[in-house]
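Everything on this sheet refers to the single structure shown next.
Atoms considered below: every heavy atom in the structure, side chains included; atoms not considered: hydrogens, waters and symmetry mates. Everything numeric in this text was worked out from a predicted model, so none of it was measured.
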Amino acid sequence: MVYVAAAALILAGIGAAHADANWPAPPQFPRAAAFEPRSAPASARQQAAMVRVPGGEYPIGAPEGAARPAHRVQLAPFRIDRTEVTNAQFVEFLGALPSKPSGTAVAGSVSAANFSDANEGRLFVGSGSPYPLIELDDDDARIGVRDGRFVPSAGHDEVPVTEVTWGGAAAYCAWRGARLPTEAEWEAAARGAAGRKYPWGDAPPSAERAVAGRRPGDLPPVGSAPRGATPEGLLDMAGSVAEWTSTLMRPYPYRTDDGREDPGLPGERVTRGGDYVFDFAPEKLTTWFRTGFSRRVNAGHRHIGFRCAANG
């Protein structure tokens with residue numbers, strides 16, 4: 001029941017809209033707590049496998065470069081997922097939501113027609129919806145419907161989920177009793193207190209250390225580059241998919257009191273961690289890289305996924 005309470009809380013909190021002429025309102029999700037608990041779900045195993053990051057002072061920002069000036073931030077201890085959230089794990093979340101799909105549809109062709117209530121169906125699919133959780137009608141989605149159930153595409157169970165909107169990522173983490181990491185937390189986890197250049201250290205990027213230089217859609221399972229793990233055991237912090245954070249895209253220095261962590265404010269949210277279609281250009285895989293990605297919050301993206309964090 002912790003999943004129900006946490007999900008209900010964030011679904012209500014994210015819905016506090018602020019008007020802005022240039023950006024869509026923050027997501028409006030149902031406030032009902034009609035989530036179905038699962039016994040021993042994959043999401044519970046993911047929660048149990050989180051890596052703890054000690055509290056303390058961490059470097060953030062590029063050692064050189066005015067756009068990302070280096071500075072230090074003080075963080076409380078937190079935990080973060082060892083790997084990115086997979087299609088199988090996100091399917092669990094979709095299956096626990098009140099709106100149920102119908103029929104059978106392969107990934108990339110799920111539409112509002114697959115739901116008995118079209119208005120509820122649009123919470124999940126379709127670029128024309130007010131704010132989908134995930135765009136399952138996109139060619140790069142890897143989740144479909146079989147006999148009225150959400151299912152990962154064959155062979156993609158352990159592949160990072162993509163096409164999830166920022167709100168969809170936040171809602172999944174809340175359902176699991178977690179949250180999205182802040183930008184500063186993400187960088188602290190990837191970089192460590194010593195300020196590593198890459199998650200694994202200072203050695204240059206390679207195919208053994210980062211999933212990069214691939215064609216769109218050619219995304220392997222999580223943990224496919226084990227030599228790129230951080231000393232603490234975090235995987236795919238460079239390459240693979242970029243990852244949503246809770247933080248609005250605002251200039252450095254990073255501050256928690258300037259509204260950038262307000263979930264009700266509209267605007268782009270920071271994504272971190274490289275991109276599997278990027279080449280092995282060192283700058284794009286550094287622990288401080290924060291540009292070069294799409295960050296539109298009310299849309300899914302083929303190159304953006306996420307992992308969850310939690311206090312303590």
Minimum heavy-atom separation for [X] and [Y], please, with both atom names.
X	Y	result
Leu219	Val241	CD2-CG1, 3.6 Å
Pro199	Thr287	N-CG2, 3.5 Å
Asp236	Gly223	OD2-N, 2.8 Å
Ala113	Ser102	O-OG, 4.3 Å
Leu285	Ala238	O-CB, 3.6 Å
Pro205	Phe280	CB-CD2, 4.0 Å

Gap between atom [atom2] of [Y] and atom [atom1] of [X] - 0.5 Å precision:
X	Y	atom1	atom2	answer
Thr162	Asp140	OG1	CG	6.5 Å
Leu234	Glu84	CG	CD	11.0 Å
Arg214	Tyr276	CZ	OH	10.0 Å
Glu183	Met249	CD	CE	7.0 Å
Trp244	His301	CH2	NE2	4.0 Å
Ser224	Leu235	OG	CG	9.5 Å

Between Asp257 and Arg255, does a salt bridge (charged side-chain N to carboxylate O under 4.0 Å, His left out) hold up when you go through it step by step? CA-CA 6 Å; Asp257 62 352; Arg255 293 174 52 191; 2.9 Å; yes
Check against side chain to side chain contact (heavy atoms under 4.5 Å, CB included), Glu163 and Leu136: CA-CA 7 Å; Glu163 295 299 330; Leu136 298 182; over 6 Å; no
Paired with Glu232, the salt bridge (Lys or Arg N to Asp or Glu O under 4.0 Å) test is passed by just one of Arg82, Arg191, Arg196, namely Arg196
After noting the C-alpha distance and the side-chain angles of Cys173 and Phe306, does the key distance pass the side chain to side chain contact (heavy atoms under 4.5 Å, CB included) rule? CA-CA 9 Å; Cys173 290; Phe306 67 100; 3.9 Å; yes
So Leu248 and Val270, side chain to side chain contact (heavy atoms under 4.5 Å, CB included) or not? Walk me through it. CA-CA 6 Å; Leu248 281 167; Val270 175; over 6 Å; no
Polar side-chain atom of [X] near backbone of [Y] as donor-acceptor pair, under 3.5 Å:
X	Y	value
Trp186	Glu243	no
Arg209	Pro204	yes
Arg179	Ala170	no
Gln46	Thr83	yes
Asn87	Val159	yes
Arg52	Gly312	yes
Arg307	Asp81	yes
Glu187	Ala184	no
His156	Ala88	no
Lys100	Gly95	yes

Do the rings of [X] and [Y] sit parallel, tilted or perpendicular, given the 30° and 60° boundaries?
X	Y	result
Trp200	Tyr198	parallel
Phe150	Phe115	tilted
His71	Tyr252	perpendicular

Hey, which of Glu261, Arg260, Arg269 is the one that makes side chain to side chain donor-acceptor pair (under 3.5 Å) with Thr247?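 Exactly one candidate clears the test, Glu261.
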Would you call Trp166 and Arg295 a side-chain contact if the rule is heavy atoms closer than 4.5 Å?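 When only atoms from C-beta onward are counted, Arg295 and Trp166 do not touch, as no gap falls below 4.5 Å.
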For Ile143, which of Leu94, Val106, Val110, Val151 qualifies under side-chain contact (heavy atoms from CB on, under 4.5 Å)?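 Among the candidates, only Leu94 passes.
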Does a side chain donor of either Glu135 or Thr165 reach within less than 3.5 Å of an acceptor in the other side chain? no
